[in-house]
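Chain A is the first sequence line, chain B the second, and so forth, proteins listed ahead of strands; every chain is numbered from 1.
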Amino acid sequence: MQLQQMYQEIILDHYKNPHGRGLRDPYDAESFQVNPTCGDEVTLRVRLDGEQVADVSYEGQGCSISQASTSVLTDLVVGKPVGEAFKKLDAFLELMQGRGEVEPDEDVLEDGIAFAGVARYPARVKCALLGWMAFKDAVARAEGKA
Amino acid sequence: MQLQQMYQEIILDHYKNPHGRGLRDPYDAESFQVNPTCGDEVTLRVRLDGEQVADVSYEGQGCSISQASTSVLTDLVVGKPVGEAFKKLDAFLELMQGRGEVEPDEDVLEDGIAFAGVARYPARVKCALLGWMAFKDAVARAEGKA
Amino acid sequence: MTTTVSAPLDVAALRADFPILGRTVRDGKRLVYLDSGATSQKPTQVLDAERRFLQERNAAVHRGAHQLAEEATDAYERARALVADFVGARADELVFTKNATEGVNLVAYAMGNAATSGPEAARFLLGPGDEIVTTELEHHANLVPWQELAKRTGATLRWFPVTDSGRIDLSDLDTVVNERTKVVAFAHQSNVLGTVTDPAPIVARAKQVGALTLLDACQSVPHMPVDLHALDVDFAIFSSHKMLGPYGIGVLYGRAELLAALPPFLTGGSMIEMVRMEGSTFAPPPQRFEAGTPMTSQAVGLGAAVEYLSELGMDRVAAHEHALTVAALAGLAEIPGIRVLGPPLVDGDVADRGGAVSFVVDGVHPHDAGQVLDDQGIAVRVGHHCAWPLHRRLGVPASVRASVYVYNDLDDIDAFLAGVRETQRFFGVV
Amino acid sequence: MTTTVSAPLDVAALRADFPILGRTVRDGKRLVYLDSGATSQKPTQVLDAERRFLQERNAAVHRGAHQLAEEATDAYERARALVADFVGARADELVFTKNATEGVNLVAYAMGNAATSGPEAARFLLGPGDEIVTTELEHHANLVPWQELAKRTGATLRWFPVTDSGRIDLSDLDTVVNERTKVVAFAHQSNVLGTVTDPAPIVARAKQVGALTLLDACQSVPHMPVDLHALDVDFAIFSSHKMLGPYGIGVLYGRAELLAALPPFLTGGSMIEMVRMEGSTFAPPPQRFEAGTPMTSQAVGLGAAVEYLSELGMDRVAAHEHALTVAALAGLAEIPGIRVLGPPLVDGDVADRGGAVSFVVDGVHPHDAGQVLDDQGIAVRVGHHCAWPLHRRLGVPASVRASVYVYNDLDDIDAFLAGVRETQRFFGVV
Ligand SMILES: Cc1ncc(COP(=O)(O)O)c(C=O)c1O
Ligand SMILES: Cc1ncc(COP(=O)(O)O)c(C=O)c1O
């Protein structure tokens with residue numbers, strides 16, 4: 001069944017037990033992103049500490065894919081330098097836009113490699129990217145401020 | 001050749017030697033009509049004398065069909081009661097919109113029956129009606145005034 | 001619904017006209033197409049009509065004097081007459097647009113253009129203090145153009161709320177539609193809930209206060225007999241692609257007298273009377289509203305679609321869909337953890353409800369539910385179905401929608417119901 | 001023109017792709033189709049591509065999550081990429097409209113909407129004192145929308161005059177386009193005269209004063225290689241039906257940065273970001289400008305059309321048409337009593353002149369001339385060809401236009417020239 005390729009155990013685990021969920025203070029910038037076709041939304045906050053991503057907190061509603069990928073995002077970027085976080089973002093973007101043709105690098109994406117199956121469903125790619133786009137936007141805002 | 005059916009001698013004669021052409025004073029009302037696809041136009045004046053069409057004068061540019069049919073119009077309506085003129089107008093309209101299926105009545109339309117062939121070319125029907133529409137409009141204006 | 005019809009649709013036979021239904025998806029699953037509310041499939045007869053036109057008599061319409069141009073113009077205008085006849089209107093009351101959305105925008109922009117038009121357009125004038133009325137269950141196509149018109153003119157947008165069971169709440173009709181109201185725009189049938197609204201009380205009240213009415217008939221004209229003159233609305237819109245016809249063409253109906261006074265919207269070739277560099281005058285309707293080269297072959301295809309539907313009989317189409325809808329609702333009612341949006345079955349039946357069944361599965365996001373259904377070959381729509389405010393009103397971010405048409409049968413409904421149970425099983429919510 | 005091409009078009013072979021050319025008209029006359037300037041015929045490959053799409057993968061694009069919807073969306077977006085590539089643009093710079101006319105209206109209305117939009121739209125703002133520039137040879141589609149925009153905003157419309165030989169007169173370029181100019185809209189190739197205008201000086205001057213440029217490429221994109229990035233215009237429009245593609249779809253090109261700032265025009269489904277009853281926000285381009293269900297299968301057909309044209313090679317297409325145009329002009333020059341509009345042959349050739357040949361026959365009204373030609377199976381266009389001011393400027397109420405495309409050959413030109421002589425004979429002017 002193809003479905004199992006998309007809904008990997010890792011994804012369902014993150015969906016049922018999301019990491020880092022909830023909005024926290026203090027934060028440097030916040031981003032609100034919405035998926036216009038399904039109405040899914042995320043509000044995501046970033047706190048930077050110099051060049052480090054000190055915290056990412058978020059709240060929102062959405063499908064298993066969008067919720068799980070935001071949870072994975074926090075695991076991947078919190079505590080990392082912004083430059084490294086953006087490398088991961090680029091790798092995740094490449095994976096998701098690869099139509100299932102891109103081989104993910106587990107060293108970079110860790111649990112994120114579970115989304116390889118999602119990349120074969122173009123309509124779901126936006127779901128997987130929702131939190132990541134919010135992160136990108138929030139960091140840009142935070143750096144704009146600084 | 002189908003063409004001869006459309007360009008009857010009568011039509012070509014009226015085209016080359018139009019009756020009643022030129023704008024004359026006095027008049028009760030004037031109408032300007034244009035064929036939006038080809039730019040053909042006619043300015044037509046009507047003078048009523050009580051219930052009689054006392055004069056129709058016109059000027060314009062257009063194809064043989066539009067010029068000839070306006071010439072025929074003046075022959076048919078000048079000196080006639082308005083009611084009779086409108087009966088001829090209705091008969092001519094019916095003929096022209098009949099797609100070549102309507103048998104014209106020579107007693108009513110006289111030279112106008114020559115246009116039976118034109119009715120088979122829908123794109124030319126508007127040409128044949130240009131002067132007649134101007135006449136209808138001018139009479140309505142003249143009567144509105146009176 | 002109490003339609004009495006001689007014989008039901010012969011679905012097995014007519015499915016042969018839709019070769020796409022024979023294909024498989026997702027590793028060999030039979031395609032169960034339940035997304036006709038978004039767009040319908042098109043029968044071979046429609047495709048053939050369009051192709052025949054293009055290979056035998058294609059030319060620019062209303063512009064040429066040669067034989068091909070004559071034949072093309074005849075085919076185009078014949079299609080207009082066929083469609084007009086299908087909805088109880090006169091041919092010159094029908095404007096071809098690119099889709100239903102353009103139709104609403106046409107009316108909204110043309111009303112805005114009344115400000116720079118002659119006195120005959122004064123009845124369409126709109127400004128601060130004036131009100132535009134719509135409803136909370138509208139498709140975005142019948143909401144956003146009015147929001148924008150309000151923004152451009154300073155008029156105020158008001159709306160009818162929606163009841164818990166998903167019907168337009170008309171209890172404040174006389175307040176919502178009042179002397180300040182210029183136009184009332186509402187859906188004949190909701191694309192999410194299937195709820196059918198009787199236009200009569202709204203039209204009566206609008207007439208009382210001199211407001212215009214616009215009926216969104218996108219989900220009614222394809223699915224039931226509709227007689228626009230009998231409904232007595234001022235404007236109506238619908239889309240070809242939802243009624244077995246081609247993409248790229250929709251219809252705006254306007255009462256003859258109103259179209260005659262309405263200022264133009266899109267301008268350019270074929271809609272003019274006279275053009276000078278200094279300014280232009282415009283042709284009478286419907287040409288005034290059909291700027292540029294029209295969707296010629298698509299009109300011919302739409303003509304073939306209404307011929308196809310007329311042959312089936314719209315009463316029979318409605319009865320058929322009603323039977324499928326009742327079966328779907330009855331089946332869903334038996335599955336715990338399913339919340340159906342809109343009017344429920346009462347004693348095994350429901351009135352004024354067309355064939356759109358939207359629902360949520362407790363514990364499973366609609367997107368995820370749709371994915372499991374898709375994996376089984378069942379094509380449904382997930383999301384807010386371009387009716388975001390309605391979803392907000394009903395307290396759900398999104399829903400799953402199954403929508404039926406002439407080619408669906410009870411096997412499709414059974415497959416769908418089994419698919420919903422599989423969704424719950426897959427996500428472990430049962 | 002000095003296009004060097006390896007081998008000329010194999011017209012005899014490609015005519016087999018256009019079955020309509022095999023039909024007869026007016027009692028068995030061979031059809032000589034010389035009205036491609038109005039609309040082109042469509043090859044079987046285009047019809048097949050559209051039909052295949054509809055019978056194999058039809059579903060609503062950008063809205064569904066099921067497999068059909070995925071495949072349909074892919075096909076639609078692949079078509080956008082193909083067309084973008086064909087005109088040297090990026091896919092996200094291309095908006096699908098219903099025809100070219102809608103494209104001009106889109107820009108004109110969206111500029112008008114800048115008045116009620118945010119600060120990012122300020123560059124499009126227009127009011128009294130501002131100027132819009134067009135030319136005296138424009139098709140009504142690139143004139144009337146600007147007249148109406150001027151009327152709505154209080155801006156002033158100005159225009160470049162036309163020289164006796166039918167070229168845009170740029171001698172006052174620096175006066176006509178000045179600091180008050182907001183937008184300059186002009187045709188790449190005249191649909192009446194065939195005159196090709198080099199955009200470079202106009203674009204350069206517009207940039208100097210900060211004005212936008214819009215290129216009407218309706219008659220250039222189908223007939224010659226066009227690279228929009230190289231031409232450096234801000235907007236451009238063209239129509240599918242004139243380039244072997246389906247009706248019901250046109251293209252608006254806009255530089256990415258401009259589309260990103262341009263306010264929406266048509267509003268409704270699929271172009272929104274977020275909708276509340278109180279107001280809405282909008283998606284990024286191109287979606288922002290594609291409200292409602294798009295012309296899905298038509299986009300696929302247009303994609304197939306540009307593949308077909310690319311395979312022929314646009315250089316070869318241009319060279320082929322040039323040869324036919326020169327033959328037609330040379331033949332007409334030998335007939336006394338014919339006045340050709342636009343640039344004449346000089347030493348047997350003419351530069352910057354595409355395949356539209358318009359003329360008047362002394363003593364014979366164009367409508368009558370067209371009728372005689374039609375009677376011989378020759379389909380030409382008569383009238384003002386939606387360029388009324390140009391005809392007024394040239395001192396004729398109307399003209400006869402023969403326009404060629406890939407499927408025409410020298411036999412067609414010979415038949416046409418014989419037909420013109422027959423016209424004179426029939427009306428006794430020789
Ligand atoms: C130069 C030019 N501009 C604009 C148009 C309008 O194109 P459409 O009618 O497809 O909108 C045409 C064709 O009619 C044209 O030839
Ligand atoms: C009720 C309703 N109104 C309007 C529309 C818009 O139709 P279209 O997308 O064809 O313009 C739709 C379909 O999407 C609809 O269901």
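- Electrostatic pairing of D:E102 and C:K98 counts as a salt bridge here, judged by a charged N lying under 4.0 Å from a carboxylate O.
- Using a 4.5 Å cut-off between heavy atoms, C:S40 touches chain D through its backbone atoms (N, CA, C, O) alone.
- The two atoms that bring C:R57 and D:I20 nearest to each other are N-CD1, 3.7 Å, heavy atoms only.
- D:G292 and C:T101 get closest at one heavy-atom pair: CA-OG1, 3.3 Å.
- The OG atom of D:S117 lies 5.5 Å from the NZ atom of C:K151; values are rounded to the nearest 0.5 Å.
- Of the inter-residue distances, the one linking D:M274 atom CE with C:W388 atom CH2 reads 4.5 Å to the nearest 0.5 angstrom.
- Ionic pairing of D:E70 and C:R26 is present here: one or more N-O contacts between side-chain nitrogen and carboxylate oxygen are shorter than 4.0 angstrom.
- For C:L47, the parts lying near chain D are the backbone and the side chain together; criterion is any non-hydrogen pair under 4.5 Å.
- Distance check, rounded to the nearest 0.5 Å: CD1 of D:I249 to OG1 of C:T293 gives 14.0 Å.
- Aromatic ring centres of D:Y247 and C:F96 lie farther apart than the 6.0 Å criterion allows.
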Where do C:Q41 and D:N58 land on the side chain to side chain donor-acceptor pair (under 3.5 Å) test, with the steps shown first?
-> CA-CA 7 Å; C:Q41 299 302 338; D:N58 172 53; 2.9 Å; yes

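- Counted by atom type alone, C:Q147 and D:S280 present one or more donor-acceptor pairs between their side chains at under 3.5 Å.
- A donor-acceptor contact shorter than 3.5 Å is absent between the side chain of D:N99 and the backbone of C:P294.
- In this structure, C:M271 CE and D:C386 SG are separated by 11.5 Å, a value rounded to the nearest 0.5 Å.
- Between C:M277 and D:T135 there is no side-chain heavy-atom pair separated by less than 4.5 Å.
- Residue D:L54 holds its CG atom at 8.0 Å from CD of C:E50, rounded to the nearest 0.5 Å.
- Only the side chain of C:L31 comes within contact range of chain D, with at least one heavy atom under 4.5 Å from a heavy atom of that chain.
- Closest non-hydrogen pair, D:Q67 versus C:D374, comes out as N-OD1, 3.0 Å.
- With C:D35 contributing its side chain and D:A60 its backbone, the two residues share no donor-acceptor pair below 3.5 Å.
- C:Y109 and D:F265 have tilted rings, their planes meeting at an angle from 30° to 60° on a 0 to 90° scale.
- Atom CG of residue C:N113 and atom CZ of residue D:R152 lie 5.5 Å apart, to the nearest 0.5 angstrom.
- Between chain D and the options C:H384, C:H139, C:E71, the largest number of non-hydrogen pairs under 4.5 Å is found for C:E71.
- The contact between C:H367 and chain D is made entirely by side chain atoms (from C-beta outward), counting heavy-atom distances below 4.5 Å.
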